[in-house]
Amino acid sequence: MAKLKMTHVDKVYDNGFQAVYDFSIDIDDNEFIVLVGPSGCGKSTTLRMIAGLETITRGQLYINGRLVNNVAPKDRGIAMVFQSYALYPHLSVYENMAFGLQLQGVDEDEIEVRVLETARILGLEDYLDRKPRELSGGQRQRVALGRAIIRHADVYLMDEPLSNLDAKQRVHMRSEIIRIHKRVGATTIYVTHDQVEAMTMADRIVVMKDGVSQQIGTPKELYFNPSNIFVAGFIGDPPMNFIEGTISNDGYFFNDNFKVKLNDELIKVTSSHINKEVVMGFRPEDVICQDIDESVGIKLEAIVEIGELLGDNRNLYCNIKDKRIILRVNPYVPFKLDELISFMVKYENLHFFDKKTEKNLRLGEIND
Ligand code: ATP
């Protein structure tokens, strides 16, 4: 169990490139934190600074209240699972898991107890005598996790641990890791570029872009209350639709293609932006095509270009003039290709962003 705190951490590499800017976070005992963002945004650098594999250029890192900036990796009480988990091919599953403890000089009886306990948690009891090549990808990944868990660390760090698995195994291992986290109950920091992994696994998510933390919050907070256009577009699949326009002084959002009346709450939210350019956002799943009631939302029309049936719902790829948007509708909603479809979005599901700063204008509460 461990609390971890980072305050104003910067990372500047030897070549002068700054990979992380002013990163701060307070992580509680047993929290499962996911760092997510596109390639090169500084996730791994942040994790490696926590591990002690990279120096911290500025700022502080505390583990359980102790400043550890200059503490050697092995003395930080952390265990790390890497992307390429490289098991020892000539050692059995048992030996792979025991290896680290043997190096630490733990006695063999204790090692046996811990290997068996770890194997039980991970469902690997039947594979202890096998060599890595005799295991599936998912089983190998579990052995790699086992090597980390067996160390009884205070903090577990995982850098894209599922990236070598196929899509189905990833989904399976996602829930496995969460299950293991619940049982082992240790503070975990997990890096991924996959927002679905972040949404489904995290207690709290840190969204990063260009070395800067954009927002830290629960999956629900990020989904309903994204702090800016980047987070709004990154979290959610298909991504949020964005349409540019202007706020009029009589309570409308308008552009060259349409004009829609806002309700009192949104007039208030956008009141600082009258006659200024804003971006309106709405999620594909928040559109309603039947029983449209204009007293509770805005009505728009778009031309359907492609319909993509996914089973329980359908993605309609549409355009409003040249602006591409995606509507996620139930499969029974009638539509015709190249024809107009009408839909509404409830006021509560509309987001407004400043076009220049890209910040969310709504300071509202999280919807339940
Ligand atoms: P990915 O998802 O691709 O692994 P990431 O978000 O983990 O990306 P980092 O590996 O932290 O990103 O890299 C952040 C930035 O720092 C990148 O632009 C990368 O090129 C740069 N970088 C990483 N290591 C070094 C280094 N040793 N020297 C200089 N720049 C580096």
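Numbering starts at 1 and runs along the sequence shown. Just so you know, ligand 1 is whichever comes first in the structure, and atom 1 is the first atom listed for that ligand.
Considering both main-chain and side-chain atoms, Gly40 comes within under 3.5 Å of ligand 1 through a nitrogen or oxygen pair. Residue contacts with ligand 1: Glu54 is placed with no nitrogen or oxygen under 3.5 Å of a nitrogen or oxygen of the ligand (distance criterion only).
The proximity of Asn15 to ligand 1, defined as any non-hydrogen pair under 4.0 Å, is limited to the side chain. Under 4.0 angstrom from ligand 1, there are no non-hydrogen atoms of His193.
For Phe230 and Phe234, the ring centers are positioned less than 6.0 Å apart.
Atoms of ligand 1 found under 4.0 Å from any heavy atom of Phe17, numbered from 1 in the order shown, are 15 (C), 16 (O), 18 (O), 21 (C). Listed by number with element, the atoms of ligand 1 under 4.0 Å from a non-hydrogen atom of Thr45 are 9 (P), 11 (O), 13 (O), 14 (C). Close contacts of ligand 1 with Gly42, meaning ligand atoms under 4.0 Å from a residue heavy atom, involve 5 (P), 6 (O), 11 (O), 12 (O), 14 (C).
You'll find the side chain of Ile325 reaches within 4.5 Å of the side chain of Ile320, heavy atoms only.
Comparing Ser44, Gly16, Gly211, Pro38 against atom 7 (O) of ligand 1, the shortest heavy-atom distance belongs to Ser44.
Using the six-membered ring where Trp is involved, His181 and Phe32 have ring planes that are perpendicular, over 60° apart on the 30 and 60° scheme.
Salt bridge present: Arg324 and Glu305 bring a charged side-chain N and a carboxylate O closer than 4.0 Å. Electrostatic pairing of Glu176 and Arg179 counts as a salt bridge here, judged by a charged N lying under 4.0 Å from a carboxylate O.
Ligand 1 has Cys41 within reach: a non-hydrogen atom of the residue lies less than 4.0 Å from it.
Linking ILVMFWY side-chain heavy atoms closer than 4.5 Å, directly or via other members, places Ile177 and Val171 in two distinct hydrophobic clusters.
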- Check step by step if ring pair (Phe, Tyr, Trp, His ring centres under 6.0 Å) holds for Phe352 and Phe253. CA-CA 10 Å; Phe352 283 92; Phe253 169 79; 5.6 Å; yes

